[in-house]
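Atoms considered below: every heavy atom in the structure, side chains included; atoms not considered: hydrogens, waters and symmetry mates.
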Amino acid sequence: MAKKQLTRSEVPVELTWNVDDIFANKSEFDQAIKHLELDIEQLKGFSESGTENADNLLRLTELLYSSEELLMKVYGYAARINDGDTADPYGNDLINRALLIVNKWEAAVSFYDPAITKLSSQQLDRFLTEQPLLSKYEFNLRRIQRQAEHTLSPAEEKLLAQLQPAVDDAAEISTKLDDADLDFGVIKDENGEEVQLTNATASEFATSSNQEMRKRAAKQVAEAYHSVRNTFASTLKSHVHAQNIVATIRHYESARQMNLDDQKIPETVYDTLVKTTHKHLDLMHDYYAFRKEYLGLDQMYQFDRHVPLVADAKLSLTFEEGKKAAMAALAPLGEDYQEFLEEEFSHRWIDSAENKGKRSGGYEDDVYGVHPYILLNWNDIYDSTSTLAHESGHALQSVYTDKAQPFWYSQYPIFIAEIASTLNESLLNHYMLEKYANDPQIKAFILTQDIDNFIGTVYRQTLFAEFEHFIYTEDAKGTTLTPDLLADKFNGLFEEYNGDAITKLPWADDTWAQIPHFYYDYYVYQYATSKAIAVSLADDIISGKPGALESYKEFLSAGASDYPVDIVKRAGVDVTKSDYLDHAFKLFGQEVHELKNNLSKK
């Protein structure tokens, strides 16, 4: 019998997050918005005089960051209440008010970065000498000034800002087509009952033990995408072309350079990822050949890649058991890490239970000066414990950063944001493998989870990154991105990456059209680099490499106080070289070997 879904009011208080840590009541929230309204008016007053002299720049910068810190509290309070029950009018009102003040604040400070870029290096040097208190903001000021040659005149910036909605239209159209208009139709399940085929049910059918069921579901989804492939190709072409035009307008050599330059990430990092992944494709080829043989398939297609090798493995953990497992697994990170984790678990930083209207999925969001908040939708499967460890990685990186850095250096960049979270996943899997060393079924289940996660995060995202760079390069050369060109390139890469064990689909394949991340502008490669960095660092910590833990704690504390490549280098990883990738692939190969040996004992 299906378990009744709780309403928000029925959820035990101890399983909900404590928003009173941000504001004790709605009155404090209201007062904060009033305070922000006054700050916004003061910020507007600096639009012409903010960089006239050192003292003005100091007052402007202090006001900008103090107001932004309060803004994050306002948004954090409203978002936590709204996400707890998205259907509750009270929460909807709070989040709408918060978003309105966010928009007002962003408009009020839009002059700040362009004004800093107008300052010459000599002027900024002089300001820093004349007003020593500005030195605490120096890295941010110089990071902004670095973009001077790519910042346009005020009139051009305004025009480009006005055009931005049109630039973003292609991505929005693609999303509407994918989420709202595309219909996969109805399908008969293994019991002969008709069910609506959706992305969610298609994922469930992909793990079915019946290959014919997997095939029918995959074919039906593929036919739906193929029927609108021309529209998807047009939206992707429009988006890519617009980004290439913006890159030219901003005096970049390419869209890739534009998207990596803000955080000073060398393009060689991207190229090294692709080149090194190709060098280790044999490991994935070997794994898929093993899967094909173990499952006894005459032909293995891409829709067979997610069939569980040990479908009957039982690994159920309650929320309390999951917290205990996470504590034990993360013990290698030291006593201070354990103390912070205990604080997270015992002081209602986590909203864990599912309830009607609650936002789906899981995330971590830090409120500087308060503490991080974690949203979960717990069920007693291993994935929930893995998600807890993952989100706790984000949370404790925020804790270490907030303790070490002022607010303006607390928002660590995307390039390093997934390292701490995926490192925790690696430590959890290592702990569970040791705990269940004498249980071949559960050990094989955990190994398969870890291996498939590595493939999905490193191999697959690198494939996406290689395809993404191809389409941008081709468009820049004047090539039209037709559906056939996109399909031929993507499917060719898919065959190259997955190897001979995967048989080509017997129908038209437009998987490229199913990936929304191609509208995120050179984002996907960071999934792969972060995972590889995390796997390497976790192995160093587990093996007790001298200085590894201390360097990792420095990484957790760095926030945005330096460029991400330099932050990671201090943790012991040089992403401009291939060593960290070779290390991660070596560990992946060892796990595949261990899985083979484990399953051979059954």
Check: L333 and N424 side chains under 4.5 Å, non-hydrogen atoms: yes

Over 12 non-hydrogen atoms of neighbours within 6.0 angstrom of NZ in K136: yes

N96 CG to I101 CD1 distance, which is reported to the nearest 0.5 Å: 13.5 Å

Note: K264-D566 ion pair, threshold 4.0 Å (strictly below): no

Over 12 non-hydrogen atoms of neighbours within 6.0 angstrom of CD in E48: no

Aromatic plane relationship, F585 with H280 - under 30° parallel, 30 to 60° tilted, over 60° perpendicular: parallel

CA sep, side-chain torsions, deciding dist, call: Y459, F588, ring-ring contact (aromatic ring centres under 6.0 Å, His included): CA-CA 11 Å; Y459 282 110; F588 170 76; 5.6 Å; yes

Distance (rounded to the nearest 0.5 Å) between Q461 CD and T277 OG1: 11.5 Å

E28, CD: over 12 other non-hydrogen atoms inside 6.0 angstrom: yes

Donor on one side chain, acceptor on other, T422 and E425, under 3.5 Å: no

Check: H469 and R256 side chains under 4.5 Å, non-hydrogen atoms: yes

Pair K489 + E474: basic N to acidic O under 4.0 Å: no

Any side-chain donor near an acceptor of the partner, E391 and S421, under 3.5 Å: no

Residues H347 and N18: side-chain donor-acceptor under 3.5 angstrom: no

More than 12 heavy atoms of other groups within 6.0 Å of H241 NE2: no

Any side-chain donor near an acceptor of the partner, D168 and Q164, under 3.5 Å: yes

Approximate separation, where rounding is to 0.5 Å, of T473 OG1 and N244 CG: 8.0 Å

K26 atom NZ, neighbour heavy-atom count above 12 within 6.0 Å: yes

S398 side chain to E364 side chain, donor-acceptor N/O pair below 3.5 angstrom: yes

Inter-residue atom distance E335.CD - E342.CD, 0.5 Å rounding: 13.5 Å

Step-by-step side chain to side chain contact (heavy atoms under 4.5 Å, CB included) determination, F470 to L493: CA-CA 11 Å; F470 166 80; L493 286 172; 6.0 Å; no

T61 and Y112: side chain donor to acceptor below 3.5 Å: yes

Flag side-chain contact, heavy atom, 4.5 Å: L99 against Y75: yes

Polar side chain donor-acceptor pair, D450 to N429, under 3.5 angstrom: yes

Y252 vs V246 side-chain heavy atoms within contact, under 4.5 Å: no

Interatomic distance, I541 atom CD1 to L427 atom CG [nearest 0.5 angstrom]: 6.5 Å

Six-ring centre of Y563, R143 cation under 6.0 angstrom, axis tolerance 45°: no

Parallel, tilted or perpendicular: rings of Y527 and Y523 (30°, 60°): perpendicular

Heavy-atom side-chain proximity of L60 to L43 below 4.5 angstrom: yes

Distance-only polar pair, side chains of D39 and H35, donor-acceptor under 3.5 Å: yes

Under 3.5 Å side-chain donor-acceptor pair for E156 and S153: yes

Between Y368 and Q411, a side-chain donor and acceptor under 3.5 Å: no

Neighbour count above 12 (heavy atom, 6.0 Å) for K275 NZ: no

Stepwise side chain to side chain contact (heavy atoms under 4.5 Å, CB included) check, S254 with E267: CA-CA 11 Å; S254 67; E267 292 185 81; 3.8 Å; yes

Any donor-acceptor N/O pair, N56 side chain to S49 backbone, under 3.5 Å: yes

Any side-chain heavy-atom pair of E343 and H371 under 4.5 Å: no

Y65 ring center within less than 6.0 Å of W408 ring center: yes

Nearest-0.5 Å distance, CG of residue L38 to CD1 of residue I33: 12.5 Å

Cationic N near anionic O, under 4.0 Å, R348 to D21: no

Validation row: Y270, Y522 side chains within 4.5 angstrom (heavy atoms): yes

Side chain S410, main chain F407, donor-acceptor under 3.5 Å: yes

Residues R250, E157; criterion salt bridge (Lys or Arg N to Asp or Glu O under 4.0 Å); working and verdict: CA-CA 10 Å; R250 290 202 175 279; E157 286 289 351; 2.8 Å; yes

Ionic contact status for E37 with K34, cut-off 4.0 Å: no

Whether F518 and F464 hold their rings parallel, tilted or perpendicular, with breakpoints at 30° and 60°: perpendicular

Candidate pair L64 and F46, rule side chain to side chain contact (heavy atoms under 4.5 Å, CB included), full reasoning: CA-CA 10 Å; L64 182 144; F46 278 107; over 6 Å; no

Partner of R80 under salt bridge (Lys or Arg N to Asp or Glu O under 4.0 Å), chosen from D365, D351, D20, D366: D365

F415 and Y525 aromatic ring geometry - parallel, tilted or perpendicular at 30°/60° bounds: tilted

Lys/Arg-Asp/Glu bridge criterion (N-O < 4.0 Å) met for R146, D262: no

Audit row: V575, I533, side chain to side chain contact (heavy atoms under 4.5 Å, CB included) steps and yes/no: CA-CA 8 Å; V575 293; I533 293 166; 3.6 Å; yes

Plane angle bin for F340 and Y400 - parallel if under 30°, tilted between 30 and 60°, otherwise perpendicular: perpendicular

Centroid-centroid distance, Y520 to H517, less than 6.0 Å: yes

Ion pair check, K553 and D336, cut-off under 4.0 Å: yes

Pair E41-K44, salt bridge (Lys or Arg N to Asp or Glu O under 4.0 Å): steps then yes or no: CA-CA 5 Å; E41 291 306 310; K44 289 178 180 178; 3.5 Å; yes

N/O donor-acceptor pair under 3.5 Å between S174 side chain and A170 backbone: no

Residue pair Y580 / L537, side-chain heavy-atom distance below 4.5 Å: no

